[in-house]
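Residue numbering restarts at 1 for every chain, and letters A, B, ... go by the order of the sequence lines. Values below: every heavy atom of this structure, side chains too, minus hydrogens, waters and symmetry copies.
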Protein chains: 2
Amino acid sequence: MELWYTEKQTPVFGITAKIRETLVTEKTEFQDLAMIDTEEFGRMLVLDGMVMTTVKDEFVYHEMVAHPALNTHPNPKHVLVVGGGDGGVIREVLKHPEVEKAVLVEIDGKVIEYSKKYLPEIAGELDNPRVEVLVNDGYMHIIESKNKYDVIMVDSTEPVGPAAPLFERGFYQGIYEALKEDGIFVAQTDNPWFKAELIQQVNKDVKEIFPIVHVYGANIPTYPSGLWTFTMGSKVHDPLQVDETAIPEMESNKYYTPRLHKAAFVLPKFVEDLCR
Amino acid sequence: MELWYTEKQTPVFGITAKIRETLVTEKTEFQDLAMIDTEEFGRMLVLDGMVMTTVKDEFVYHEMVAHPALNTHPNPKHVLVVGGGDGGVIREVLKHPEVEKAVLVEIDGKVIEYSKKYLPEIAGELDNPRVEVLVNDGYMHIIESKNKYDVIMVDSTEPVGPAAPLFERGFYQGIYEALKEDGIFVAQTDNPWFKAELIQQVNKDVKEIFPIVHVYGANIPTYPSGLWTFTMGSKVHDPLQVDETAIPEMESNKYYTPRLHKAAFVLPKFVEDLCR
């Protein structure tokens with residue numbers, strides 16, 4: 001008997017992956033959670049029927065959330081990750097020695113619990129002493145924080161379910177206020193093939209709040225369309241003005257390189273057009 | 001009743017697309033051919049169970065085969081396309097007014113016939129007077145051509161079935177000889193997630209023949225992993241030495257821009273590592 005995980009990434013298109021073993025299926029307080037071991041991508045965390053991360057391709061998303069912003073800010077001491085309970089972004093953030101403290105605010109403690117249990121190569125750094133883990137509402141944490149963080153990373157699910165408020169204009173305003181005077185924020189902003197309007201709306205909203213706004217992309221095979229976008233809003237520092245030759249090469253990286261720092265911001269024309 | 005097209009891109013992973021209508025399923029002299037109208041990607045040409053092109057995302061592949069090479073060669077008058085019977089690459093080649101003649105050598109006349117019938121927005125330029133269409137073996141055409149073309153583009157299927165010889169070292173040697181003294185060739189070279197060894201082997205083979213070799217990438221949602229690679233071999237002209245500001249902006253493009261010309265060659269680290 002063959003079991004396959006099939007995800008409708010749109011109502012009429014999807015991916016399908018052969019299952020080795022189903023480790024968890026649970027309805028948490030906030031969402032449907034599954035941990036599946038697939039033959040092609042290894043263990044896979046699925047929330048509300050959407051792949052969040054897999055052992056094989058997780059490095060792309062996690063590196064590309066963390067490094068462009070941290071290599072744009074000249075001295076990122078205090079970093080906040082909203083969501084990201086699998087711990088992958090935190091792992092990448094900690095590669096930067098100048099980060100003194102990384103705070104993770106994940107609304108669903110079960111994501112942390114199962115990631116630590118089944119995805120140790122991703123979640124392993126959540127117990128690092130430089131990390132503070134809060135099981136709490138990221139939106140509320142943002143609203144309550146003022147002039148506090150150098151860099152804020154929004155590692156949310158798609159804008160359905162618990163993450164919906166994280167795509168609202170008011171949330172970006174809160175992020176602006178939670179950042180220090182030269183702070184930077186970055187958020188995952190879905191894909192341009194099936195969610196063009198979302199990218200356009202976020203871009204418009206963020207531009208009304210931050211003086212410097214740029215969108216970049218990365219290839220993630222298990223995410224819809226294989227092309228994921230990230231929107232960066234910055235108060236002072238421009239990612240495209242960075243001296244790439246001064247960015248340190250991280251041997252443990254598998255996707256992000258100093259050479260890719262600016263190239264990732266060069267988008268296909270139809271995506272450029274969404275961000276005008 | 002719902003009909004879905006499911007393609008195993010690897011033995012244990014694939015895509016699935018809801019079908020609006022199945023227009024053709026036929027065993028040609030060379031391969032299994034299907035023309036399917038899907039809800040998400042529109043009409044889709046499938047050869048030997050692999051998506052070749054779809055109306056929604058075809059522009060990526062066709063622009064990215066044609067424009068990087070044609071904007072690297074200073075005066076590409078004679079262009080050869082091996083394979084590419086759907087006509088999409090030819091359409092892009094003809095956007096360059098300096099191209100006097102574009103020859104298409106497609107082994108399977110049925111691909112041309114059905115593309116003209118069902119994919120007119122892609123195949124429409126095959127009847128252009130600047131185009132010569134040959135229904136013939138591309139390998140043989142290459143072997144018989146000497147010092148003839150400025151640019152050769154290999155728009156083949158994957159290295160199974162009729163396209164297998166197009167991934168052999170001897171074929172690249174033939175291309176070298178079929179090119180003029182400052183000629184350039186480009187070939188699609190599959191994806192780095194599931195076909196890493198292929199990219200590595202092609203890179204090694206082409207480097208033994210051409211002095212300038214570079215690999216670039218593009219996002220194609222219906223191709224395995226969403227990240228496709230292209231390998232360019234050149235005798236004289238280096239794509240990375242081009243003055244991007246001198247490349248004309250083509251209003252009809254949806255993917256390639258002058259800004260993307262060099263950025264497309266900046267690869268994720270794990271892909272860079274395959275091309276050393």
Side-chain angles (χ1 to χ4, degrees), chain A residues 2 4-20 38-41 56-57 59-60 63-64 191-194 217-228 244 249-273, chain B residues 2 4-20 38-41 56-57 59-60 63-64 191-194 217-228 244 249-273:
Chain A
E2 289 194 358
W4 287 70
Y5 165 77
T6 300
E7 173 181 332
K8 284 191 184 178
Q9 298 177 324
T10 79
V12 291
F13 184 77
I15 56 169
T16 184
K18 193 176 176 191
I19 295 171
R20 202 181 278 131
T38 66
E39 293 203 12
E40 186 63 63
F41 286 95
K56 183 170 177 174
D57 73 351
F59 65 89
V60 184
E63 289 181 21
M64 291 303 283
N191 83 87
W193 289 92
F194 309 136
N219 158 245
I220 305 175
T222 54
Y223 282 12
S225 89
L227 175 59
W228 215 246
E244 283 189 338
E249 189 90 37
M250 286 181 172
E251 287 307 319
S252 59
N253 282 7
K254 290 188 274 185
Y255 196 97
Y256 176 92
T257 65
R259 298 165 291 291
L260 203 69
H261 181 87
K262 289 178 191 170
F265 288 89
V266 184
L267 300 167
K269 185 151 178 276
F270 80 104
V271 188
E272 263 185 1
D273 290 342
Chain B
E2 289 193 358
W4 288 69
Y5 165 77
T6 300
E7 173 181 332
K8 285 191 183 178
Q9 299 177 323
T10 80
V12 291
F13 185 77
I15 55 168
T16 185
K18 193 176 177 193
I19 295 171
R20 201 181 278 131
T38 66
E39 293 202 14
E40 186 63 63
F41 286 95
K56 183 170 177 173
D57 72 352
F59 65 90
V60 184
E63 289 181 20
M64 291 304 282
N191 82 87
W193 289 92
F194 309 136
N219 158 245
I220 305 176
T222 55
Y223 281 13
S225 89
L227 175 60
W228 215 246
E244 283 189 337
E249 189 90 36
M250 286 182 172
E251 288 307 319
S252 60
N253 283 7
K254 290 187 274 185
Y255 196 96
Y256 176 91
T257 64
R259 297 166 290 291
L260 202 67
H261 181 87
K262 289 179 191 170
F265 289 89
V266 184
L267 300 168
K269 184 150 178 277
F270 79 104
V271 189
E272 263 186 0
D273 290 342

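The greatest number of non-hydrogen atom pairs below 4.5 Å with chain B, out of A:V271, A:V266, A:D273, A:T222, is found for A:V266. Considering only heavy-atom pairs separated by less than 4.5 Å from chain A, the leading option among B:M64, B:K8, B:Q9 is B:K8. When the candidates B:T10, B:T16, B:I15 are compared by the number of heavy-atom contacts under 4.5 Å with chain A, B:T16 comes out ahead. Ranking A:G14, A:A263, A:G226 against chain B, the residue ahead of the rest is A:G14, based on heavy-atom pairs under 4.5 Å.
In this structure, the portion of B:V60 lying under 4.5 Å from any heavy atom of chain A is its side chain and not its backbone. In this structure, no portion of A:P224 lies under 4.5 Å from any heavy atom of chain B. Heavy atoms of A:D57 lying under 4.5 Å from chain B belong to its backbone as well as its side chain. Contacts between A:Y5 and chain B at a heavy-atom distance below 4.5 Å are absent for every atom of the residue. Within the 4.5 angstrom heavy-atom criterion, atoms from both the backbone and the side chain of A:K56 approach chain B. At a 4.5 Å heavy-atom cutoff, the contact between B:T257 and chain A is made by side-chain atoms alone. In this structure, the portion of A:L267 lying under 4.5 Å from any heavy atom of chain B is its backbone and not its side chain. Using a 4.5 Å cut-off between heavy atoms, B:E63 makes no contact with chain A at all. Contact of B:T6 with chain A is made through the side chain alone, with heavy-atom distances under 4.5 Å. For chain A, the nearby part of B:F194 is the side chain; its heavy atoms alone come within less than 4.5 Å.
In terms of heavy-atom proximity, B:W4 sits nearest to B:I19 at C-CD1, 3.7 Å. Heavy-atom minimum distance, A:V12 versus B:E40: CG2-OE1, 3.5 Å. Looking at every heavy atom in both residues, A:L227 comes nearest to A:P268 through CD2-CG, 4.4 Å.
The side-chain hydrogen bond (donor to acceptor under 3.5 Å, both in side chains) check on A:E249 picks up A:R259, with sequence neighbours excluded.
Between A:F41 and B:F13, the ring-plane angle classifies as perpendicular under the 30° and 60° cut-offs.
Using a cut-off of 4.0 Å between Lys/Arg side-chain N and Asp/Glu carboxylate O, B:K18 and B:E39 are scored as salt-bridged.
Centroid-to-centroid, the aromatic rings of B:F59 and B:Y256 stay 6.0 Å apart or farther.
Side-chain N or O atoms of A:K254 include none that pairs as donor or acceptor with a backbone N or O of B:F270 at under 3.5 Å.
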Are A:N219 and B:W193 close enough, and set up right, to give a side-chain hydrogen bond (donor to acceptor under 3.5 Å, both in side chains), and what steps lead you there? CA-CA 10 Å; A:N219 158 245; B:W193 289 92; 2.8 Å; yes
